[in-house]
Amino acid sequence: MIEKTFQYESYIVLLGRNSYDLSMEKFDLLERYFGHKTFRPLQEEVIDTILLSRDVLMILPTGGGKSLCYQLPSLMMEGVTVVVSPLLALMYDQVAALRANDITAAMLSSMQDLEESAEIERQLQRAEIKLLYVAPERLTNPWFLQLLHRLKINFFVIDEAHCVSEWGHEFRESYRQLSLLKEQFPTIPVAAFTATATTAVEKDIAEQLRLQDPLRVRGSIFRSNLTIRAEHRIKDGRAQLLEFLKTEKGNAGIIYTLSRKSTESIAYFLQGKGINAAPYHAGMPTEEKNRIYGDFVADRIQIVVATIAFGMGIDKSNIRFVVHMTLPKTVENFYQEIGRSGRDGLAAETLLLFSAQDVVQQKMFIDDLPETPYKAHAYRKLESMVRFAQGENCRHQSIANYFDDRIDVCEEKCDNCLQPEVKRIDITTASRKLLSAIYRTRQNFGLHYVIDVLRGSKEKRILDNGHDTLSVYNIGEEYSKAQWLTIADRLLELGAVEIGEFKVYHLTDFGAEVIRGEQTIELREDRLKVKKSVSKQQSSYTGDYDAALFERFRDLRREIAQDNNIPPYIVFSDKTLKDLSIKLPASREEMLEVHGIGEVKYERYGEEFLELIQELV
Ligand code: ADP
């Protein structure tokens, strides 16, 4: 860490300003352009280090406030800051947000035509652009490098820096080339930012980017506004999903599922229930995808049901929930996906539905990979994810441990902390019945069939096969089909059965021991309850403000956004609207006290909101 005195003296030398002025300037910019009154932990340290021209590697969870760390110092410097970002949508949103705050920003990507690019180039040469966003591919373009050499560059920013590392979860080949920045521009500092990196990935990022003695800043991984729940999926999980959505009326959310087909079937299922949902997957026409993305960001679609193709880099701050219908591949994926909710710092809910069958399926995907060291790595990552899902310790703490961060248990922000005392019941007898039924039907049938035999179904196929004469026929009425599926899932989890080709269940040696009565099997009692999703402690918006006013503000925000052709959250965040409905400002001065409203935002939208407040109260 750098000593503060050293920092301030260096400022004087570097920038010809004294420490008092600098501090004032930082706070002034913070308030004027970003509408915030104080820095969050770590932000100031990173800003100071950037101003000192030292490399930085910052790991801070999504929503932690990384962008400010490079945007604010850029305003204090003369030149242009070049930001490398992996996704067009992300760049687009950042540029729109900066422009809404009167900061000159531009992006160079495949989205611009030649004429537009040429105009941006001219503006760059006239030093009219403070922040330039570019895709990593640009940096290998000789023409572009030549242009950069002619400019006064403040520093380079590498956003989503984990994409540099093969050990991360979103490795991008084009990020590898970023090492050329230090080769071509050895004196220009590089600041790298990511939300997710284990210590191994962190080390790799520093090496790959050739950072020189970077200030390493690691914020707590703990997202205290997210509630994390994980439940065994019952059947297809739709009943659990509907139960969950009951308390999310009108709130924006993402539902992740594994296959393209299921994005569609779940979205149509929700539509049938009167819920404003749409599917999104990589196989859809680009136009359709853009439309859905745009409608979601503009609050015209409430829920997007998507494969993981959706959401990376999405900068919509008011996503109130994320549901996973199946188990993600890695804890990194999971954390990043749930991290898309609650970026505005308000409460958000997350629900993971999983089953032992998901694990089998994910393993099959990995089995098909070529034999490289990555394969073993992928199995290990999956195992960690499974341990997390099945785990009974604090969820936040488990995630923090995974990322080598240490935190106390959350106490009230995850299902395990909210219901620490779970009773276990002995299901050995039921397990023996199910395993015997699998065995008696010659390990030749799918699970549903076997359960139907156990429950005495008169289905033609069962009668034709003569399975109504088996000793296991009709001995399983004490449980519903859903409960038997849960018992089977437990047996799969414990390795008493395996799934073979055509989804046929086989006994393992351990399964045979269970049948012989040599093993006991236990299950958390709550898993057998024909249960609804654990009731939520609090809905996202409760208590201290008027929800009806919030709705009116939301409507006005949507109108302004539509008129200006920008996403609503760029006008004001949910947090700002909430604060508005608590403070109900009656003047410009009072308005400037509201979270997220600085002078620039006030000048643009303040009056309209003041008028609405006068009308309403
Ligand atoms: P990240 O890039 O780390 O995911 P962002 O930079 O998008 O996070 O910031 C997330 C949210 O936090 C934004 O709504 C932003 O306005 C808010 N924020 C950032 N810095 C501050 C601050 N110092 N005070 C209050 N809110 C802040």
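What you see is a predicted model; the values in this text were computed from it and never measured. The first residue of the sequence shown is numbered 1, and numbering continues consecutively from there.
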Enquirer: Should the pair Phe334 and His324 be assigned to parallel (<30°), tilted (30 to 60°) or perpendicular (>60°) ring geometry?
Expert: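 The rings of Phe334 and His324 sit tilted, inter-plane angle from 30° to 60°.
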
Enquirer: Whether the side chain of Arg395 engages the backbone of Phe388 through a donor-acceptor N/O pair (distance < 3.5 Å, no angle test) should be reported.
Expert: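 The answer is yes, because a donor-acceptor pair under 3.5 Å joins these two groups.
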
Enquirer: For Leu346 and Asn225, work out which heavy atoms get closest and say how close.
Expert: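 Here Leu346 and Asn225 meet closest at O-ND2, 2.8 Å.
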
Enquirer: What pairs of residues pass the salt bridge (Lys or Arg N to Asp or Glu O under 4.0 Å) test when at least one of them lies in residues 475-488, not counting sequence neighbours?
Expert: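 For residues 475-488: Lys433-Glu478, Asp452-Lys481.
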
Enquirer: Going by an N to O cut-off under 4.0 Å, is there a salt bridge joining Arg558 and Asp555?
Expert: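 The answer is yes: the pair qualifies as a salt bridge.
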
Enquirer: Checking Lys375 now: which residues fulfil side chain to side chain donor-acceptor pair (under 3.5 Å) with it, not counting sequence neighbours?
Expert: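 So Lys375 forms a side chain to side chain donor-acceptor pair (under 3.5 Å) with Glu371.
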
Enquirer: For the pair Arg554 and Glu551, find out whether any cationic side-chain nitrogen is under 4.0 Å from an anionic carboxylate oxygen.
Expert: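 Salt bridge present between Arg554 and Glu551.
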
Enquirer: Any salt bridge (Lys or Arg N to Asp or Glu O under 4.0 Å) pairs touching residues 299-310, not counting sequence neighbours?
Expert: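 Passing the test, one end in residues 299-310: Asp295-Arg300, Asp299-Lys316, Asp299-Arg557.
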
Enquirer: Could you walk me through whether Ile292 and Phe310 satisfy the side-chain contact (heavy atoms from CB on, under 4.5 Å) test, starting with their C-alpha distance in whole Å, then the side-chain angles of each, then the deciding distance to 0.1 Å, before giving a yes or no?
Expert: CA-CA 10 Å; Ile292 290 173; Phe310 184 78; 5.5 Å; no

Enquirer: Could you report the tightest heavy-atom contact between Gln397 and Asp408, atom names first, then the distance?
Expert: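 Taking Gln397 first and Asp408 second, the nearest heavy atoms are NE2-C, 3.9 Å.
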
Enquirer: Between Leu353 and Met325, is a side-chain contact (heavy atoms from CB on, under 4.5 Å) present by the stated rule, with each step listed?
Expert: CA-CA 5 Å; Leu353 298 177; Met325 298 300 288; 4.0 Å; yes

Enquirer: Parallel, tilted or perpendicular for Phe222 and His396, by the 30°/60° rule?
Expert: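 Answer is perpendicular, since the angle exceeds 60°.
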
Enquirer: Inspect the contact between Glu522 and Arg490 and indicate whether a charged nitrogen and a carboxylate oxygen are less than 4.0 angstrom apart.
Expert: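 No, this pair does not count.
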
Enquirer: Check this for me, if you would: do Arg527 and Glu493 make a salt bridge, where the nitrogen-to-carboxylate-oxygen distance has to be below 4.0 angstrom?
Expert: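 Counted as a salt bridge, because a side-chain N and a carboxylate O are separated by less than 4.0 Å.
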
Enquirer: Would you call Lys578 and Asp344 a salt bridge, taking side-chain N to carboxylate O under 4.0 Å as the test?
Expert: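 Here Lys578 does not pair with Asp344 in a salt bridge, since their nearest N and O are not under 4.0 Å apart.
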
Enquirer: Pairs under 3.5 angstrom only: tabulate donor-acceptor contacts from the side chains of residues 267-275 to other protein residues two or more places apart or in another chain.
Expert:
{"from": "Gln271", "atom 1": "NE2", "to": "Ala277", "atom 2": "O", "distance (Å)": "2.7"}

Enquirer: Going through the checks in order, is the salt bridge (Lys or Arg N to Asp or Glu O under 4.0 Å) test met by Glu288 and Arg291?
Expert: CA-CA 5 Å; Glu288 179 74 356; Arg291 185 186 65 75; 3.4 Å; yes

Enquirer: Partners of Asp358 by side chain to side chain donor-acceptor pair (under 3.5 Å), sequence neighbours excluded?
Expert: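 Residues passing side chain to side chain donor-acceptor pair (under 3.5 Å) with Asp358: Arg233.
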
Enquirer: Evaluate the side-chain contact (heavy atoms from CB on, under 4.5 Å) criterion for residues Leu382 and Leu327: first the C-alpha distance (whole Å), next the side-chain angles of each, then the deciding distance (0.1 Å), finally the verdict.
Expert: CA-CA 9 Å; Leu382 177 61; Leu327 191 83; 4.1 Å; yes

Enquirer: So which pairs with a foot in residues 436-472 pass ring-ring contact (aromatic ring centres under 6.0 Å, His included), sequence neighbours left out?
Expert: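 As it turns out, the ring-ring contact (aromatic ring centres under 6.0 Å, His included) pairs with a partner in residues 436-472, which skip direct neighbours, are Phe445-Tyr449, Phe445-His467, Tyr449-His467.
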
Enquirer: Look at the side chain of Gln483 and the backbone N and O of Leu528, then say whether any donor-acceptor pair between them is shorter than 3.5 Å.
Expert: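 A pair under 3.5 Å: yes.
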
Enquirer: Identify the two heavy atoms, one from Ala437 and one from Val450, that lie closest to each other, and give their separation to 0.1 Å.
Expert: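 Result for this residue pair: CB-CG1, 3.6 Å.
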
Enquirer: Are more than 12 heavy atoms from other residues, nucleotides or ligands located less than 6.0 Å from atom CG of Asp464?
Expert: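 Yes.
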
Enquirer: Which is it for Val497 and Leu434 under the side-chain contact (heavy atoms from CB on, under 4.5 Å) test, yes or no, and what are the steps along the way?
Expert: CA-CA 10 Å; Val497 284; Leu434 182 60; over 6 Å; no

